[in-house]
Amino acid sequence: MNNHNFDNDFSVYVGIDDTDSASGMCTTYICCVIMDRLISCGFRVDGPPRLIRLNPFAPHKTRGNGAVSFKIVLKSKKEVEQAKKIIRDMVGNLAVMGDPKTNPGLVFYEGKITPELQDYAIRTIRTIVSQEEAEKLAGNLGADIFKYKKGRGVIGSLAAIGCPLTDATYELLAYREPANYGKKRMVDEDSVLGMNQKTYPNTFDNVDDGYMTITPHTPCPVLYGIRGETMGAVEEAHKLVKVSEPIEFFRVFLTNQHTDMHLQNIDAISNMKQFQCYIVPGTVRTQPVVIEGGHVIFVLEDESGEVECAAYEPTKKFRDVVRHLAPGDQVIVYGGIGNKGTLNVEKIKITSLAPVYEYLNPICDCGKRMKSAGKGKGYKCPRCGSKMPTGSEEDVEVREKREIERMIKPGFYEVPPSARRHLSKPLVRG
Ligand code: ATP
């Protein structure tokens with residue numbers, strides 16, 4: 001027994017994933033219900049549960065690609081077996097087994113969190129890993145895995161146990177009475193705006209542009225989630241939120257949300273891979289264009305290659321910044337490469353702006369600005385009628401070159417809270 005401490009206690013990490021479906025339930029809820037049952041059976045749960053967000057581009061995710069883990073401390077091997085049985089049965093009963101896309105996985109681990117396990121967790125957050133790899137690692141570590149149906153959830157369960165949290169935030173999740181699932185959430189918006197005013201930036205991303213963002217839009221058990229820097233901050237904020245429906249219970253999760261843990265530094269565009277997220281420096285190559293649907297697109301380049309970047313419609317006002325970029329601007333883009341190979345921009349740091357010029361028609365000897373005399377026909381003065389036949393609209397030499405004032409400034413810009421990925425670090429977190 002490698003974690004048998006001086007108190008003769010047995011620590012068991014429990015990881016759970018892939019229990020919910022788009023039509024209902026939530027892995028965090030199942031985690032809480034299981035923890036409460038264990039506590040009511042007299043077992044000790046050590047510390048808050050952890051909500052670990054994994055690669056936002058993982059192919060089988062339902063929504064936010066979250067997995068959970070918690071630690072129990074037990075007195076004897078017999079208790080370990082009892083607790084495991086309770087958890088196994090509860091996952092089997094509570095998971096949405098009827099959905100073909102739900103393939104729960106459960107991991108019990110009694111060892112130390114090794115660098116290998118941490119590395120696996122980070123790769124699950126940054127890349128796509130296989131179930132085979134997860135099962136092999138679990139085997140090497142001596143972890144117990146339980147697969148329901150295909151058991152794909154073991155990938156996330158093991159990562160949720162192993163994820164190092166050098167930076168972390170907290171989310172308080174309040175759950176609805178089951179009778180209210182699917183109904184309109186009765187949360188008083190004014191109280192949320194007030195809560196935000198009192199607790200921001202110790203809590204963050206709970207309001208966007210005058211609207212609350214704490215309520216999900218899915219039929220899941222979550223009434224609201226409040227995000228913040230400390231357990232105290234989210235608990236204080238929770239007391240300020242008024243609701244007119246019962247809260248079944250609430251719980252605070254320790255989480256890697258809003259830490260940028262999904263992003264990898266990369267120094268060559270050509271080395272970027274699909275379904276991974278990066279911090280990539282480069283030069284804007286093309287004038288950004290607005291395409292159908294309101295998405296703003298531009299091409300970023302470096303010596304190694306180029307990549308199309310997008311600020312999608314849901315990023316709202318952030319698109320105004322991106323739209324005002326110009327060829328030659330030096331930027332660092334934070335974002336992930338999705339399905340179509342486009343870099344989905346989450347944040348951008350404009351390090352330097354290129355000069356942008358406009359070309360004005362030449363001034364006539366009489367002092368008046370000349371007008372075009374027609375395509376390729378030079379210029380004509382509207383006052384004295386003089387002509388400038390040698391010039392042409394394409395001939396920049398005779399035209400007056402004037403630097404245009406740029407509409408944006410160097411600095412960091414980010415998408416609004418409503419469009420932010422769970423893992424994306426808001427600038428207010430520094
Ligand atoms: P919710 O956020 O509502 O809990 P979800 O979006 O987390 O749902 P899941 O139902 O957990 O989605 O499904 C995600 C599946 O993808 C899980 O089986 C998980 O093990 C697996 N998975 C997670 N990350 C990766 C990854 N990096 N590579 C491969 N598979 C992954």
Side-chain angles (χ1 to χ4, degrees), residues 14-34 49-70 91 94-107 117-138 143 145-163 171 173 175-176 181 215-225 227 251 253 255-258 261-264 273-277 336-339 420-423:
V14 182
I16 309 172
D17 195 15
D18 209 339
T19 61
D20 55 12
S21 88
S23 60
M25 204 25 80
C26 174
T27 303
T28 65
Y29 179 80
I30 292 180
C31 170
C32 295
V33 174
I34 292 175
R50 307 187 337 149
L51 165 57
I52 304 300
R53 297 289 177 177
L54 306 169
N55 188 340
F57 293 105
H60 298 288
K61 67 167 193 166
T62 312
R63 287 184 289 262
N65 203 9
V68 299
S69 69
F70 60 92
V91 170
L94 293 167
V96 188
M97 293 298 188
D99 186 325
K101 291 191 198 145
T102 301
N103 292 287
L106 172 61
V107 176
L117 181 53
Q118 291 185 326
D119 174 69
Y120 162 82
I122 290 169
R123 277 187 295 107
T124 312
I125 291 160
R126 295 184 178 167
T127 68
I128 306 297
V129 301
S130 68
Q131 188 171 340
E132 194 187 354
E133 178 185 351
E135 289 186 22
K136 196 168 158 205
L137 175 61
I145 61 170
F146 291 89
K147 299 193 273 178
Y148 304 78
K149 296 159 67 185
K150 290 181 186 154
R152 189 181 297 119
V154 295
I155 300 171
S157 303
L158 192 60
I161 291 172
C163 179
E171 181 163 8
L173 289 166
Y175 298 98
R176 323 183 75 183
Y181 291 175
T215 49
H217 302 287
T218 54
C220 74
V222 174
L223 179 59
Y224 59 76
R227 294 164 187 227
R251 188 152 244 138
F253 283 79
T255 171
N256 66 343
Q257 287 174 168
H258 306 302
M261 202 175 194
H262 61 315
L263 300 174
Q264 308 169 65
K273 297 195 178 84
Q274 203 177 23
F275 305 136
Q276 298 195 29
C277 302
I337 305 213
N339 253 339
R420 192 163 2 254
R421 286 194 189 290
H422 293 298
L423 277 161

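On a predicted model such as this, the values are computed, not experimentally measured, just so you know. One-based numbering, in listed order, for ligands and for the atoms of each.
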Chi angles and distances behind the side chain to side chain contact (heavy atoms under 4.5 Å, CB included) call for Cys163, Met261: CA-CA 10 Å; Cys163 179; Met261 202 175 194; 3.5 Å; yes
For Thr28 against Cys26, the heavy-atom pair lying closest together: OG1-SG, 2.9 Å
Residue shell around ligand 1, heavy atom under 4.0 angstrom: Asp17, Asp18, Asp20, Thr27, Arg53, Leu54, Asn55, Ala58, His60, Lys61, Thr62, Arg63, Gly64, Asn65, Gly66, Thr124, Thr127, Ile128, Val129, Arg152, Gly153, Ile155, Gly156
Partner set under side-chain contact (heavy atoms from CB on, under 4.5 Å) for Arg63, not counting sequence neighbours: Asp20, Thr218, Cys220
More than 12 heavy atoms from other groups under 6.0 Å of NZ on Lys149: yes
Audit row: Asn256, Leu423, side chain to side chain contact (heavy atoms under 4.5 Å, CB included) steps and yes/no: CA-CA 7 Å; Asn256 66 343; Leu423 277 161; 3.5 Å; yes
Candidate pair Arg251 and Leu173, rule side chain to side chain contact (heavy atoms under 4.5 Å, CB included), full reasoning: CA-CA 6 Å; Arg251 188 152 244 138; Leu173 289 166; 5.9 Å; no
